[in-house]
Amino acid sequence: NAGVTQTPKFQVLKTGQSMTLQCAQDMNHNSMYWYRQDPGMGLRLIYYSASEGTTDKGEVPNGYNVSRLNKREFSLRLESAAPSQTSVYFCASSEGWGAQETQYFGPGTRLLVL
Amino acid sequence: AQSVTQLGSHVSVSEGALVLLRCNYSSSVPPYLFWYVQYPNQGLQLLLKYTSAATLVKGINGFEAEFKKSETSFHLTKPSAHMSDAAEYFCAVSDPLYGGSQGNLIFGKGTKLSVKP
């Protein structure tokens, strides 16, 4: 049981390049999330998926797209990377309702855009 | 909209001393509250959560937090710090505006805890 996995762990891009961050979970969770973490800013939600086949914008969606490929996988795409997208990206998943719900986080992807 | 304020971006304590990390939230309704810990170059790990069952919540690694509605606070404490507690700690509140049942987590900016020998 690997929990939430993310690939790659580290990536360097040039401005304007595109890439996809991959996330997979093996806990059979319905909900999945993408966050970005910037120094002194905490984590901010980019996109989320409440169930397979649905995605919705979070607090900072501009410049990103997502795909909920199936129940296990939730990818984040940068179509034209910008230096402002330099950040650490975390994927999370959750299941349950109310008091039973807990989000589980992956190890993160460090992205540097030059 | 809900928000979370963590007082002090850096806290330093001596090994064996009390750890107190402060968190205040703003919410129009009683929220769910969380403390997460992040060790260097790792993801976030849940320490504990408040879901209205009890105001004093015990978590992993000897940490606990008390929900005080009158003060809108959810401070994290540990009686005796250990070197292995050095990490960044995030307070978070659930926001049902986004996501599933609990919705999105609104995070504070984090507090880095240093433990001196």
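Both backbone and side-chain heavy atoms feed into the values below; hydrogens, waters and symmetry mates do not. Proteins come first, then strands; the chains are lettered A, B, ... in the order of their sequence lines, and each starts at number 1. Every value quoted in this text rests on a predicted model; they were computed, and no experiment measured them.
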**Message:** Distance check, rounded to the nearest 0.5 Å: A:Q37 atom CD versus B:F107 atom CZ?
**Reply:** 9.0 Å
**Asked** Shortest non-hydrogen contact from B:Q38 to A:F90?
**Response** NE2-CZ, 3.2 Å
**Shared hydrophobic cluster for A:Y33 and B:F34 (ILVMFWY, side-chain gaps under 4.5 Å)** = yes
**Asked** Mind checking whether B:N41 and A:R110 have side chains closer than 4.5 Å, heavy atoms only?
**Response** yes
**Item:** Hydrophobic cluster membership, A:L21 vs A:Y48, 4.5 Å side-chain cutoff
**Value:** no
**Message:** One pair to check against side chain to side chain contact (heavy atoms under 4.5 Å, CB included): B:Y36 and A:Q103. What are the steps and the verdict?
**Reply:** CA-CA 10 Å; B:Y36 280 86; A:Q103 290 193 20; 3.7 Å; yes
**Prompt:** Transitively linked via ILVMFWY side-chain contacts under 4.5 Å: B:L56 with B:V19?
**Reply:** no
**Prompt:** Is there a path of hydrophobic side-chain contacts, each under 4.5 Å between heavy atoms of I, L, V, M, F, W or Y residues, that connects A:Y47 with A:Y104?
**Reply:** no
**Message:** Let me confirm one number: the CG-OH distance from B:L105 to A:Y35, rounded to the nearest 0.5 Å.
**Reply:** 4.0 Å
**Request:** Assess whether atom NZ of B:K112 is packed by more than 12 heavy atoms of other residues, nucleotides or ligands within 6.0 Å.
**Result:** no
**Asked** Under a 4.5 Å heavy-atom cut-off, does chain A meet the side chain of B:L44, its backbone, both or neither?
**Response** both
